[in-house]
Amino acid sequence: MEISQGGTLTPPAGKRDHVQGPEDAPVTLVEYGDFECPYCAAAYLIVKKVQEAMGDQLRFVFRHFPLTQIHPHAEGAAEAAEAAGAQGRFWEMHDLLYENQRALDAMHLLGYAEDLGLDTQRFVRELEGHVYHARVREDFMSGVRSGVNGTPAFFINGVRYDGSWDLVPLLAALESASHQEVLA
């Protein structure tokens with residue numbers, strides 16, 4: 001596994017995070033992502049395959065890292081995911097945003113909320129009021145403290161992973177971490 005110098009996840013994955021997979025899984029993969037980043041969209045498909053391959057051996061955590069200087073819709077999309085999360089649909093919105101990455105303006109975000117059966121009045125009110133801006137900013141700043149400078153950025157069991165995030169090398173790194181956890 002390739003590890004960067006000083007690349008430790010701060011704070012560690014915990015209760016405030018959006019998580020898929022069992023809490024006691026031997027491997028935790030944390031991604032800092034941007035919904036408008038084409039590399040993150042490619043990684044999204046790979047992470048889905050990794051989750052399928054590893055099953056209950058993997059806990060996946062997503063944190064926001066919107067690169068607003070180059071992705072003008074990334075912040076709004078992150079806030080939309082949080083607004084959906086407040087209604088119990090974070091992961092469904094997460095998937096829709098990556099699957100429709102070229103349509104992240106306010107009109108499309110509202111359409112996704114409707115598709116998910118969200119309370120759209122609440123959704124619009126929360127987006128217009130930037131209710132989740134601080135939450136997205138917390139994720140972003142945790143990424144900065146953890147040494148993230150681009151997306152996607154991955155951490156395996158709290159340590160920065162700088163290897164390829166193509167399916168085979170990422171899966172190999174995760175399986176290696178799983179075996180190390182078992183031996184520990």
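Computation of the quantities below employed the complete heavy-atom set of this structure, encompassing side-chain atoms and omitting hydrogens, waters and symmetry-equivalent molecules.
Arg16 pairs by the side-chain contact (heavy atoms from CB on, under 4.5 Å) definition with Arg63, Arg135, Glu138, Asp139, not counting sequence neighbours. Scored by the side-chain hydrogen bond (donor to acceptor under 3.5 Å, both in side chains) test, Glu99 finds Tyr44 as partners (sequence neighbours excluded). The side-chain contact (heavy atoms from CB on, under 4.5 Å) check on Val131 picks up Glu126, with sequence neighbours excluded. Scanning for side-chain contact (heavy atoms from CB on, under 4.5 Å) contacts around Asp166 gives Ile46, Ser164, Pro169, with sequence neighbours left out. Contacts of Asp105 classified as side-chain hydrogen bond (donor to acceptor under 3.5 Å, both in side chains), with partners at least two apart in sequence or in another chain: His108. For His18, the ring pair (Phe, Tyr, Trp, His ring centres under 6.0 Å) test picks out Phe90, with sequence neighbours left out. Every salt bridge (charged side-chain N to carboxylate O under 4.0 Å, His left out) that Glu92 has, sequence neighbours left out, goes to Arg89. By the side-chain contact (heavy atoms from CB on, under 4.5 Å) test, Glu114 is found to be paired with Leu110, Thr120, residues two or more places apart in sequence or in another chain being considered. Qualifying side-chain hydrogen bond (donor to acceptor under 3.5 Å, both in side chains) partners for Lys48, counting only residues two or more places apart in sequence or in other chains: Asp95. Not counting sequence neighbours, the partners of Thr28 by the side-chain hydrogen bond (donor to acceptor under 3.5 Å, both in side chains) test are Arg59.
The stretch residues 67-76 participates, sequence neighbours left out, in these side-chain hydrogen bond (donor to acceptor under 3.5 Å, both in side chains) pairs: Asp34-His71, Glu36-His73, Glu75-His133.
At least one donor-acceptor pair under 3.5 Å links the side chain of Ser146 to the backbone N or O of Ser142.
Applying the ring pair (Phe, Tyr, Trp, His ring centres under 6.0 Å) test between Tyr98 and each of Tyr112, Tyr39, Phe35 identifies Phe35 as the sole match.
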Next on the checklist: Using the rule given for side chain to side chain contact (heavy atoms under 4.5 Å, CB included), can you reason through Arg160 versus Thr8, listing the C-alpha separation, both sets of side-chain angles and the distance that settles it, and then say yes or no?
Outcome noted: CA-CA 6 Å; Arg160 174 79 180 256; Thr8 304; over 6 Å; no
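Clustering of Ile, Leu, Val, Met, Phe, Trp and Tyr side chains at separations under 4.5 Å places Leu9 together with Val19, Val30, Tyr32, Val61, Phe65, Leu67, Ile70, Phe140, Met141, Val144, Val148, Phe155.
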